[in-house]
Amino acid sequence: MKNIAVIYGGNSCEKDISIITALQAIESLDKTKYKMFPIFWKEDFYILDDYKNIYAYADNVAPKGKKVIFDGKSLFAVKRSKLKLLSDIDCVLLCTHGGAGENGALQGFLEINGLPYTSSPPLASGIGMDKGIFKIFCKKLTLPVLPYGIINEGDGEDVLERIIERLGFPIIVKPANQGSSIGIGISKDAEELQEKLKAAFYYDKKVVLEKALTDFKEINCACLVKNGKVYPSTPEEPVGWQEFLTFEDKYMSGGKTSKASAKRIFPAMISETDTVRIQGITAKLYQALGCKGIVRCDFLIDKSNGAIYLNEINTVPGSLAGYLYEDRGFSLKEVTDIMIEEAIKSEKQDKKTAYSSKVLQYYSKSKTNACKLSPKGV
C-alpha cells in the first residue's frame, strides 16, 4: 500500500475550489491501494480533525487538527515542539489551484524534498500561471493566440495608448497571475478600460490586455500522459456564457462536475476537423512545456470565421479534469491512479544533476593549497 499526501488549500483566490477538488479526489482514491493523508495548507500544513466538514475551512476558523511538516519524504506531526513520524510519503497528489500551489513554488518545495508529485514541474507551472509569459511562449511555438498586450503597474499612459491602438475595442482585461475568472473584465471604451485596469491591478502588478471576441464559444480539452504516451481528452463546451464565464458559472453551478448539468455540452458540438486540431494543439503544448500529470487547455472559437485560439492552460485543473475522460470509461479514480503511478515512475527516471568534482579534494591536500583559495584563483 502506498502512502499518498493530498495537499489542498493555499493562498490563492481559488482556495475554495481547491478544497472541493481535494474532497472529490480523496473520495475517489482506491482505499485498497493507498493510505491517504489529507493535508490542508493554511500558511502551515495541517491534517484537520474533521477534514470532510466544509465548515472547517471557513476563513475565520482556526485549523483544528495537527500541524505537520515534511522532512525529505517523511511526514511528521508537530506537538509541543516535538516531532512524531506519521509516515514516509510515496507521492503527493496536488489539488492546489492558483497562487503558490500552481505557479511552481510548491512544486519546487516538493522537489527539494525528493517527493514525487502529480502536477507539472516548476518551470512549466510558472509559465502556465503567468498569462503574459504564456502568450509569449505560445507565439514562439506558433500556437494561435489572440492579439494581446502586457502592461505593468507604474507604466506610463503611452504604453497603454499603444496597446489600445493595436488592439482596438472591446478589450478584455486579465490579471496576469490569477485564475481564468478572477479580476477579469471587458471594456468597450477608454473610460471603462481604466475601471477594469484598476480592478485587475488589485490582484496583480502585471495585467494582460487582449482583443475581446464578441461572438464565440469556449472549448476545453485536457491532456494526460501514460507510459510515455500523451492522451488528449475529448473536448467539451461549457455553456452559460454571457460575455465571459464567471467564477460562479464555473464552480458554483456544478458545471465542471456533473454529467447531468445543463452547463456543459460533452462532447463539444464542433467539427471533427476542429476536434483534431484542438487535441493536437493541446498535446503539442503539453509536450513543449514539459507538463506532467493532467492539464486542461481552454480555447476560444470565433463564430464569425471559425478561427481557433488557445486561451490558457491550467496545470492543476478544477476537479483534476477527470470529467473530460468519462467517455473513455475513466472515472476520477482511474485518472488519479494514472497520475500517481506516472509521478512515482517519473521521479525514479529523472536524470540526476549531481557531479563529483575533485576541486575541494585538491584544495584540502595541503595548507599551502588552501591558502591559495580565492575567487580569482578558482
Side-chain angles (χ1 to χ4, degrees), residues 9-18 41-43 59 96-109 120 122-141 143 145-213 243-248 250-251 289 297-298 300 309-316 318:
N11 61 350
S12 86
C13 297
E14 299 175 86
K15 177 195 71 177
D16 292 351
I17 309 309
S18 169
W41 183 17
K42 187 175 183 179
E43 296 178 355
D59 287 337
T96 44
H97 305 318
E102 194 172 354
N103 69 8
L106 178 58
Q107 289 79 356
F109 166 79
S120 296
L123 181 60
S125 298
I127 293 173
M129 190 69 189
D130 188 309
K131 293 179 176 65
I133 295 175
F134 178 70
K135 295 281 189 187
I136 295 168
F137 185 84
C138 289
K139 288 285 284 185
K140 292 294 184 182
L141 281 177
L143 298 178
V145 294
L146 283 161
Y148 69 94
I150 299 171
I151 187 165
N152 296 286
E153 198 170 37
D155 281 347
E157 282 296 318
D158 58 321
V159 177
L160 181 59
E161 287 170 5
R162 286 196 297 269
I163 293 174
I164 293 172
E165 184 178 355
R166 182 160 50 85
L167 300 184
F169 289 101
I171 292 174
I172 189 164
V173 180
K174 304 177 179 181
N177 290 281
Q178 290 296 332
S180 54
S181 308
I182 305 296
I184 292 180
I186 294 177
S187 55
K188 300 178 180 66
D189 53 47
E191 182 178 352
E192 195 172 17
L193 179 58
Q194 290 294 340
E195 296 174 5
K196 302 303 181 184
L197 281 171
K198 184 177 179 181
F201 277 127
Y202 174 81
Y203 291 101
D204 206 329
K205 294 180 179 179
K206 180 166 69 174
V207 170
V208 175
L209 307 179
E210 190 177 85
K211 179 67 177 176
L213 299 178
E243 289 185 317
F244 61 93
L245 201 63
T246 66
F247 186 85
E248 288 77 14
K250 279 191 171 184
Y251 300 115
L289 270 178
C297 290
D298 298 348
L300 302 175
Y309 298 100
L310 176 58
N311 192 34
E312 66 178 20
I313 186 172
N314 294 272
T315 54
V316 187

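All residue numbers refer to positions in the sequence shown, counting from 1.
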Look only at the side chain of [X] and the backbone of [Y], and say whether a donor-acceptor pair between them is shorter than 3.5 Å.
X	Y	value
Glu102	Gly126	no
Lys205	Glu153	no
Glu161	Asp158	no
Ser12	His97	yes

Does any part of the side chain of [Y], heavy atoms only, come nearer than 4.5 Å to the side chain of [X], both counted from C-beta?
X	Y	value
Val208	Phe134	no
Ile151	Phe201	yes
Leu160	Leu209	yes
Pro175	Ile184	yes

Residues that Lys174 engages under side-chain hydrogen bond (donor to acceptor under 3.5 Å, both in side chains), provided they are two or more places apart: Glu210, Asn311
Show the nearest heavy-atom pair for residues [X] and [Y], with the distance to one decimal.
X	Y	value
Ala100	Trp41	CB-CH2, 3.7 Å
Ile186	Pro170	CG2-CB, 4.2 Å
Asp130	Lys206	OD2-NZ, 2.9 Å
Cys138	Leu310	SG-CD2, 3.6 Å
Ala176	Asp204	N-OD2, 3.4 Å
Gly9	Ser18	N-OG, 2.8 Å

Atom pair [atom1] ([X]) and [atom2] ([Y]), whose distance is rounded to the nearest 0.5 Å:
X	Y	atom1	atom2	value
Met129	Asn314	CE	CG	8.5 Å
Leu289	Leu123	CG	CG	7.5 Å
Glu312	Leu300	CD	CG	9.0 Å
Glu157	Arg162	CD	CZ	11.5 Å

Go through the structure and list residues passing side chain to side chain contact (heavy atoms under 4.5 Å, CB included) with Lys139, not counting sequence neighbours. Val145, Tyr148
Val207 and side chain to side chain contact (heavy atoms under 4.5 Å, CB included): which partner among Asn177, Val173, Asp155, Ile150? Val173
Check residues 193-200 and write down every donor-acceptor pair under 3.5 Å in which the side-chain atom is one partner and the other belongs to a residue at least two apart or another chain.
none

